[in-house]
Protein chains: 2
Amino acid sequence: MANIKDIAKHLGVSVSTVSRAMNGHPDVSEETKKQVLEAVRALNYRPNAIAKGLIQKKTFTIGLMIPDISDPFFSSMANGVEETLSERGYQVVYGNTNRNPNKEKQFIANAIQRQFDGLIITPDFWDEEFAGLLAELEMPVVLLRRRTPQGLSMPYVDVDHYRAATEAVNYLIGLGHRNIGFIGMPATSFSGSERLRGYMDTMREHGLLPAEPDVVAGGRTIAFGREAMEMLHEGNPQLTAVFAANDLLGIGALEWAAIRGIPVPDQLSVIGYDNLEYADLHWIQLTTMAQPRREMGSKAAHMLLQMIADKETLPGSELLEANLIIRRSCKERPTT
Amino acid sequence: MANIKDIAKHLGVSVSTVSRAMNGHPDVSEETKKQVLEAVRALNYRPNAIAKGLIQKKTFTIGLMIPDISDPFFSSMANGVEETLSERGYQVVYGNTNRNPNKEKQFIANAIQRQFDGLIITPDFWDEEFAGLLAELEMPVVLLRRRTPQGLSMPYVDVDHYRAATEAVNYLIGLGHRNIGFIGMPATSFSGSERLRGYMDTMREHGLLPAEPDVVAGGRTIAFGREAMEMLHEGNPQLTAVFAANDLLGIGALEWAAIRGIPVPDQLSVIGYDNLEYADLHWIQLTTMAQPRREMGSKAAHMLLQMIADKETLPGSELLEANLIIRRSCKERPTT
DNA sequence: CTGAAAGCGCTTACAG
DNA sequence: CTGAAAGCGCTTACAG
């Protein structure tokens, strides 16, 4: 591969001149600029970005740390990140952590050694060591789909899960439902507990204080949703509607209804959360709260760009809104 | 950030010694090695991978070019790639091309400038310029889910679509079906035409030369599958089974049946191709040919690793086998 | 407008 | 076993 010296030699000028011509430096004559560009084409010269990065202390690469790129939720966010960053000449390096604490630390260590310009991360573990790593990091970081823990100061972008849950439950109540169950994620999930809180508060506000058997939580899968729906029904056969904290749980509820021969939405309304591709299938048509996944990614990317441009001022965190997507899994309360 | 000079100064040794100690060079005394490692920890020194890369001409980064990371097909493959590469200290840099020829070229140009150690790519365009770029590339490349075009010599890993189609159709025939339709992808798709060829050959072998109306091709979506099934049925109401060239098309066929009230698999058998997550849903339970997506990714990564280790000998291409996943969308031919 | 020189942070023959 | 020196391929004050 030709390097900058080859170009200089070829033209009988100095490497400084070649460098300046290539980087659009103002004080270099049109004539030499033209010659340089010609030589670059002729020798098929491509400046070595590694050398450039070493001297400029800027690598135009961003690390994106997520639990699992094959989870459609994260891949859409990753797409949003990649799109806005690549437009501006950045490369994104992604790392799957598989929710493994060591892989998370490994990724950060790598980012430091490789001199990334910034990081967008969705961490799952906040032990001391990890928090220490982040605190010492001399690199802009934005949290994606996570809130900033005590003691750290980086901005985040997340969805307002509490508000979204409120909206979902209000929709059901607006349809006339009074006995509304909740299928939840494990208690360890922050976004899960926000959704539960939104459900509880909204029910209470309407004087519909839910009885204990109306809440079953602890999983994230279709299978768990099916079992939870069964438990909900056993505990309170009066239930006419269910808010599932994610779409997989909601689909599990739908499965239960299908197996039991209970017509949805005529006898049972189900609302989900996520708007997975699944939700739009002919047999499912799940009404759900859509999180703006792609937008979250691009928002995080923009924030990071801003932090890179202005090292001093920290942008504020952002809480995006979920949207109610009405399909065909909810209906007015049956008047029996 | 501390650098290698700081460590050397701190210890009163030369940078060469620090470098050798850190890289496990044999002839450096145990004593100094210990001291260096201690100082590294004390000053929290992390070697600059950029500088290292510049001098060693090895960056431990691999480019992964795919059409769309949010397509579950590609994200599974990406996962396979990332897993095997990250274990060996490589970082993977991915780029979505969105099937845009300029983005493809842009990615290759970037890979050159950034001195990647190798590339795994799933290109969609093979114009002269792109082929030229690849031909001049001084970097190992393996093709993923694509076959190597004339004139180039890099290895590929793909699935044997022809064989898989053969297996799918034979399964249907083994179930007693004789009137078997085909829903296909656009004619421009290589893998699509391989699947069509497998269907045609197998039908012919069994003396079931399909009539023209038994083949409808031209799309990849659920909506197209639904319409295609309608056309197939109009053209030949005798059809008792259908081979869909991908799962989305198959699901479309299932939708058509559901809307028409035609029971599957009692009146109509449907077999798909891909084994998407969708296929396992309660309402779908689509029998299908599974492509070993993750394995394809890791296989490609292993090949690339081998090419990096041994610059001389080119590994052979690999054609992986798809597996028949039997669910509940196929049954013996109805004996009417 | 252009060039010589220093330097980014490392590694690696070459001497000793 | 250790150090001084050269060099990877660039950019950027500093002079002129």
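In the text below, chain A, chain B and the rest are named by the order of the sequence lines, each starting its count at 1. Every value quoted in this text rests on a predicted model; they were computed, and no experiment measured them.
- Defined by atom type and a distance below 3.5 Å, a donor-acceptor pair is missing between the side-chain atoms of A:Gln113 and B:Asn48.
- No option in B:Arg147, B:Arg293, B:Arg146 other than B:Arg147 meets the salt bridge (Lys or Arg N to Asp or Glu O under 4.0 Å) test with B:Asp158.
- Counting any heavy atom pair closer than 4.0 Å across all strands shown, B:Asn3 reaches sugar-phosphate atoms only and no base atom.
- In this model, a donor atom of one side chain and an acceptor atom of the other lie less than 3.5 Å apart for B:Ser29 and B:Thr32.
- Positionally, the nearest nucleotide of DNA chain D for B:Thr17 lies more toward the 5' end than for the other of A:Val18 and B:Thr17.
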Problem - Dot-bracket encoding of pairs in DNA chain C, which uses [ ] for pseudoknotted crossings and | for another strand, Watson-Crick or G-U under 3.5 angstrom - result: |||.||||||||.|||

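- Residue-level contact check: A:Ser29 touches the backbone only, with heavy atoms under 4.0 Å from sugar-phosphate atoms and none from bases.
- Distance alone, capped at 3.5 Å, is enough to place a donor-acceptor pair between the A:Glu82 side chain and the B:Asn96 backbone.
- Under the 6.0 Å distance and 45° angle rule, A:Lys58 counts as a cation-pi partner of A:Phe60.
- Sequence order on DNA chain D of the closest nucleotides to B:Val15 and B:Leu54 puts B:Val15 first from the 5' end.
- Across all strands, B:Asn48 comes closer than 4.0 Å only to sugar-phosphate atoms, never to a base (heavy-atom distances).
- Side-chain atoms of B:Arg294 and B:Met77, non-hydrogen and from C-beta on, never get closer than 4.5 Å to each other.
- When the nearest nucleotides of DNA chain C are assigned to A:Lys33 and B:Ile55 by heavy-atom distance, the more 5′-ward of the two goes with A:Lys33.
- Each of B:Ser19 and A:Thr32 lies near DNA chain C, and the nucleotide nearest A:Thr32 is the one positioned closer to the 5' end.
- Reading DNA chain D from its 5' end, the first and the last nucleotide to sit under 4.0 Å from a heavy atom of chain A are D:dG9 to D:dA13.
- A donor-acceptor contact closer than 3.5 angstrom is absent between the side chains of B:Asp68 and B:Asn98.
- Here the side chain of B:Asp6 pairs a donor or acceptor atom with the backbone of B:Asn3 at under 3.5 angstrom.
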